[in-house]
Amino acid sequence: MIGSRGFSGRTRFVSWLCRALLGAAVVGLAGCAPDPAGEAPGPQFAAAQAVPARLPPHPALTAAALVTTDGESLPLRQWLPQGPAKAVILGLHGFNDYSKAFDTPAREWLKYGIATYAYDQRGFGATPGRGLWPGTAALLTDAVTAANLLRGQYPHTPVYLLGESMGGAVAILAAAGETGIRPAVDGVILSAPAVWTRESMQFLPRLALWAGVRLFPGAVFTGESLHILASDNIPMLIALGKDPMVIKGARVDAMYGLVNLMDRTIEAAPRLGMPLLLMYGAHDAVIPADPVRAFAAALPPEPASRQRLAYYPRGYHMLLRDLDGKTVAGDVASWVLNRAAPLPSHADAAPGRPWPPLTTAAGG
């Protein structure tokens, strides 16, 4: 049975509802500013803190933190090559994960002279309000702020925004200009982005999420019994299970906030008129293939040198940390250094074909 905390009366209905919520909100995404209107009811990160009045801070990147526009200090990791960087990647991690998610690919990118930066997004890792949904506006503002600070630090070096899973949804909306200010980046990289909109979900999970956020928004559920395999790298998954910084459950209102975030991604796709690398694995059991295909179809028409679709027959959801993650990381490095060159793995989608291929086993 799926475990729960903060909600009594474990009836059959609650057990079913929990499964529906987890399925709808994709709780397995990572190891299985004020809130905008329409965010989840219930205590959210911005509302959960009593912040005294203070002068507007100056956002900054320090050696260990991203200082945000509203004065929060978000833990930051950086992997820097010896000598000048040939390119810079800003990584946005997935739901319930944190900045260490990029440790393995970042070490691979160092071999190519690529610098990587990643911070704990609000509500995750070691940030204040851990476990509470921070609101879409805050997530997007932080991503734009970090990207623009890196642009100022590397004025003559290509800077790329990379989002994994939930981080992919944040990257999409930030790059599409949802905050009114676009990040000053040279392109966007999406690794199994969370583009699972309500329209592509079944009716019962949508109903369960709608009811759950109103009846017990603070209930916390885990998805252990769903048996979703996010990667074929079992030792890595076991390590995530033991890592205290990886959140093992999710509040209902956090799941609701996540779905609200994903719900806007396909609508934003036509505004992504910049170089883009979109990567997806055939064995992704977290994000179904159909919404990914819909997102790809909604992208503005761009030449292959600016828009690359990469499909990995052996890939799972956590592409950059799968057993074949080194290959995927190599494709990312190749693309950021020379977008016109074919990907070394030959994972590029064939022009004119449905993408991912209609025969994909994804989402199963």
Side-chain angles (χ1 to χ4, degrees), residues 33-36 39 44-80 84-85 87-94 97-102 106 114-130 132-164 166-189 245 257 261 264 268 271 274:
D35 295 338
E39 288 288 2
Q44 300 292 289
F45 172 66
Q49 303 183 78
V51 181
R54 56 189 173 186
L55 294 175
H58 296 287
L61 284 174
T62 71
L66 163 65
V67 180
T68 67
T69 55
D70 60 347
E72 292 297 338
S73 183
L74 307 181
L76 175 77
R77 295 172 187 266
Q78 47 187 311
W79 297 261
L80 306 179
V88 178
I89 292 175
L90 172 61
L92 304 177
H93 62 76
D97 212 338
Y98 68 115
S99 55
K100 191 180 177 182
F102 294 99
I114 298 171
T116 305
Y117 292 78
Y119 59 90
D120 293 1
Q121 297 192 76
R122 298 187 195 223
F124 305 99
T127 64
R130 170 183 166 90
L132 297 177
W133 183 251
T136 295
L139 292 171
L140 303 188
T141 299
D142 292 343
V144 173
T145 299
N148 290 348
L149 287 170
L150 284 173
R151 168 55 68 205
Q153 191 171 325
Y154 295 92
H156 306 298
T157 305
V159 177
Y160 291 89
L161 183 61
L162 187 156
E164 177 183 76
M166 180 199 80
V170 174
I172 290 166
L173 298 182
E178 290 272 320
T179 65
I181 303 175
R182 293 179 184 267
V185 295
D186 294 272
V188 175
I189 303 161
M245 298 304 295
L261 174 70
R264 296 156 62 178
R271 302 197 300 275
M274 63 175 61

May I ask you to test the [X]-[Y] pair for a side-chain heavy-atom distance under 4.5 Å?
X: Leu74; Y: Arg122; value: yes
X: Glu72; Y: Thr127; value: no
X: Gln121; Y: Asp142; value: no
X: Pro134; Y: Leu139; value: yes

Using side chain to side chain contact (heavy atoms under 4.5 Å, CB included) as the criterion, list what pairs up with Ala147, not counting sequence neighbours.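 Side chain to side chain contact (heavy atoms under 4.5 Å, CB included) check on Ala147 returns Leu90, Pro183, Val185.
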Ser73: partners by side chain to side chain contact (heavy atoms under 4.5 Å, CB included), with sequence neighbours left out: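 Scan of Ser73 (side chain to side chain contact (heavy atoms under 4.5 Å, CB included), adjacent residues dropped) gives Ala65.
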Donor-acceptor pair, Arg130 side chain versus Gly125 backbone, under 3.5 Å?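 Here the side-chain-to-backbone pair exists.
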Is there a donor-acceptor pair under 3.5 Å between the side chain of Gln78 and the backbone N or O of Ala63?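 Confirmed, Gln78 side chain pairs with Ala63 backbone.
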Which heavy atom in [X] sits nearest to a heavy atom in [Y], and how many Å separate them?
X: Met166; Y: Phe124; value: CE-CE1, 3.8 Å
X: Gly91; Y: Phe102; value: C-CE1, 3.5 Å
X: Ala146; Y: Tyr119; value: CB-CE2, 3.7 Å
X: Trp79; Y: Ser99; value: CH2-O, 3.8 Å

Run the side-chain donor-acceptor check on residues 167-178: report pairs under 3.5 Å with partners two or more places apart or on a different chain.
from, atom 1, to, atom 2, distance (Å)
Glu178, OE1, Arg264, NH2, 2.6
Glu178, OE2, Arg271, NH2, 2.4

Can you measure from [atom1] ([X]) to [atom2] ([Y]) and round to the nearest 0.5 angstrom?
X: Thr145; Y: Leu140; atom1: OG1; atom2: CG; result: 10.5 Å
X: Leu76; Y: Leu66; atom1: CG; atom2: CG; result: 7.0 Å
X: Ile189; Y: Leu161; atom1: CD1; atom2: CG; result: 8.5 Å

Determine whether more than 12 heavy atoms belonging to other residues, nucleotides or ligands lie under 6.0 Å from atom CD1 of Ile181.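 At most 12 heavy atoms, drawn from other residues, nucleotides or ligands, come within 6.0 Å of this atom.
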Between side-chain atoms of residues 149-158 and protein atoms elsewhere (two or more places apart, or another chain), which donor-acceptor pairs fall under 3.5 Å?
from, atom 1, to, atom 2, distance (Å)
Arg151, NE, Ala184, O, 3.2
Arg151, NH1, Tyr154, O, 3.1
Arg151, NH1, Thr157, O, 2.9
Arg151, NH2, Asp186, OD2, 2.4
Gln153, NE2, Tyr117, OH, 3.2
Tyr154, OH, Tyr117, OH, 2.6

Test of understanding: with salt bridge (charged side-chain N to carboxylate O under 4.0 Å, His left out), list the residues that count as partners of Arg77, not counting sequence neighbours.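 For Arg77 there are no salt bridge (charged side-chain N to carboxylate O under 4.0 Å, His left out) partners, ignoring immediate neighbours.
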By ring-ring contact (aromatic ring centres under 6.0 Å, His included), which residues pair with Tyr160, not counting sequence neighbours?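 ring-ring contact (aromatic ring centres under 6.0 Å, His included) check on Tyr160 returns Trp335.
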Quick one: which residue pairs count as a salt bridge (Lys or Arg N to Asp or Glu O under 4.0 Å) with a foot in residues 154-163, not counting sequence neighbours?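 As it turns out, there is no salt bridge (Lys or Arg N to Asp or Glu O under 4.0 Å) pair with a partner in residues 154-163 once direct neighbours are skipped.
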